[in-house]
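To start, the structure itself, in structure tokens.
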Amino acid sequence: MIITRPRDWERIIANLDEVGATRVFIMGCGQCATVAKTGGEDEVREAAARLEAAGREVTGWAVGEVACHEGGTRLTTRKNAGSLETAEAILVLSCGAGVQTVADARPGTPVFPGLESAFLGNVVRHGVFEERCQMCGECVLDLTAGVCPVTTCPKGLLNGPCGGMWEGRCEVVTDRECTHVLIRRRLEAQGRGGGRGSLAPKDFSKKLKPGAVNLREGRAREGRARGGRDGGSGTTGGEDGR
Amino acid sequence: MSRLREALARGEFVVTGEVAPPRGTDMSGMRGAVETLGPHCHALNVTDNQGATLHLSSLAASRVVLDMGVEPIFQQTCRDRNRLALQSDLLAAHTLGLRNFLAVTGDDPRGGDHPEAKGVFDLDSTQLLEIARGMNEGRDMHGRELTGATDFYLGAAVFPEAEPWDVQLDRALRKVESGAEFFQTQAVFDMDKFARAAEDLRPSGVKLIAGILLLKSPRVIKFINERLAGLMVPEHISARIEAAEDPLAESIALATEQVRELRDLAHGVHIMPLGVDEAVPRILEGAGL
Ligand code: SF4
Ligand code: SF4
């Protein structure tokens, strides 16, 4: 799931001030932000109380099923059309994807993010989240015994360890095991240890922005930039702008 | 042609040193270090934004060293540049006359003076070596022909004292597979561990240059133990420096002993005098070099 964190409250207030908004509608998210305890009903109510304490009027609030679901969010905005109509700004307690979904559903109203989007997280246990995958588009877990070096090695090295590893621990995040020691130990335990070559450099064209998949058209759009292949005019690089 | 490579090929026991480019444009400090160290060393490493802190580039500084008549070892970390920039700088380095190249991963920006920087790490040092070897053969990383090849003597770092050794060794052998012809090691304190590394690496044919760090004061030891990743000064050594009346003299004596012991185990020494450059000739002389 997507892990979000509370955003600097001063910045949120400054955003509202910039557009002179005194009447605010708050949207949460019933999925990830609810589990992350940043944008569920409780947090939305809390934000409402805080805004009121700061002299703003909260015209209403809603926590839809999934903020990033365009159809669902449109439905939520339609259901709350009345209180949205009187709002001068919308504060969204969800990840950035959800914020944009709301902004698309209400293009005439300033929409502000109420959270910081942090990472795709594993739920280690209730309230404890850890980043294990960066969705790099070219998974190497088949070669690394199910341990992601892209994400869990702070430097994202495919071949390690780096020179700072000490007694099997990571030099950067010193309270954890070095990813590359862990990978090697697991491979060995599975009898896959010996003769492993080096991993080739990652293909970042597998993960060009923005990603898009369209099952209806029966194909995934691979974000592959055109141009610049033979060092030709730099201006042609990535001309299709994806 | 790299003179360092030639000396090692001849079986000479080599000495390398290290200079840091300035944090600014005034080259006088670095020139002074080159003048002191140059006459005693086969080559001098020129560091690349060491400790993830801003310095003048290793590329330009390496050329300054070369112009002073001393052979540089151009260092590149994988931290600050992507694969296009790294390859481009390797081509530049060759045209500037640089013939030794050391590929290192680089410290994480979080530990440096720009902690908010994006650590690039588009490649790791093993991959960078592989690419540099290809460029020596006239190809870019995709195997496409270059109009003129590079000619680098390729080096990498190895860490003989960091456990677990089997993981370190595996990594070192991968680096050799990828093109490393010489290693410079992290500071050596434990001769048994160094001997183990030398023995395990011998079959690969790689040249091993042992790191000697001048432990000039108890404060430096404290700094190493607390702040430098991948390095720990053993108790008996720190006790010796702490108990000494003149810690600097004692550290020079210690380094001299270490060089003497390493003469039989390594192909050379890499001396890191931590600013006390004038200690280097004393150490070498004391060790009979
Ligand atoms: S390699 Fe790591 S980041 Fe890439 S898809 Fe696999 S788990 Fe995710
Ligand atoms: S110690 Fe291991 S996990 Fe930590 S940065 Fe280095 S290679 Fe990555």
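The sequence lines fix the lettering, A, B, ..., with proteins before strands; numbering per chain opens at 1.
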Checklist entry - Side chains of B:Asp166 and A:Arg184: closer than 4.5 Å at any heavy-atom pair? => result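 Side-chain contact under 4.5 Å: yes.
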
Checklist entry - Does B:Asp122 reach the side chain of A:Lys202, with side-chain heavy atoms less than 4.5 Å apart? => result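 No; the side chains remain at least 4.5 Å from each other.
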
Ignoring hydrogens and angles, tell me if any N or O in the side chain of [X] forms a donor-acceptor pair with the backbone of [Y] under 3.5 Å.
X        : Y        : answer
B:Arg174 : A:Ser198 : no
B:Arg171 : A:Asn159 : yes
A:Lys155 : B:Gly106 : yes

Interface moiety of [X] toward chain A, non-hydrogen atoms closer than 4.5 Å:
X        : result
B:Met232 : both
B:Leu231 : backbone
B:Arg79  : neither
B:Ser178 : side chain

Checklist entry - For residues 114-130 of chain A, which residue pairs qualify under side chain to side chain donor-acceptor pair (under 3.5 Å), counting only residues two or more places apart or in two chains? => result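 For residues 114-130 of chain A, and leaving out neighbouring residues, the side chain to side chain donor-acceptor pair (under 3.5 Å) pairs sorted by first residue read A:Arg7-A:Glu116.
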
Next on the checklist: Out of the candidates B:Asp108, B:Val104, B:Thr105, B:Asp124, only one should pair with A:Cys162 under the side-chain contact (heavy atoms from CB on, under 4.5 Å) rule; please name it.
Outcome noted: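 Of the listed options, the one satisfying the test is B:Thr105.
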
Next on the checklist: Could you measure the distance from the CD atom of B:Gln186 to the CH2 atom of A:Trp166? Nearest 0.5 Å is fine.
Outcome noted: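 With rounding to 0.5 Å, CD (B:Gln186) is 8.5 Å from CH2 (A:Trp166).
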
Next on the checklist: Strictly less than 4.5 Å between heavy atoms, which residues of residues 126-140 of chain B line up against chain A? Please order them by number.
Outcome noted: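 Within residues 126-140 of chain B, near chain A: B:Thr126, B:Gln127.
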
Checklist entry - If you count heavy-atom pairs under 4.5 Å with chain B, which of A:Pro154, A:Gly156, A:Gly160, A:Gly168 comes out on top? => result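 Looking at each of A:Pro154, A:Gly156, A:Gly160, A:Gly168 in turn, A:Gly160 comes out on top.
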
Item to check | Top contributor to chain B interface from A:Arg169, A:His180, A:Glu167 [non-hydrogen pairs under 4.5 Å] | outcome: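 Greatest number of close heavy-atom pairs with chain B: A:Glu167.
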
Next on the checklist: Quick check on the interface: out of B:Gly119, B:Pro164, B:Pro109, who has the most heavy-atom pairs with chain A under 4.5 Å?
Outcome noted: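 Greatest number of close heavy-atom pairs with chain A: B:Pro164.
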
Checklist entry - Are A:Met165 and B:Gln168 close enough, and set up right, to give a side-chain contact (heavy atoms from CB on, under 4.5 Å), and what steps lead you there? => result CA-CA 9 Å; A:Met165 185 276 285; B:Gln168 293 288 354; 3.2 Å; yes

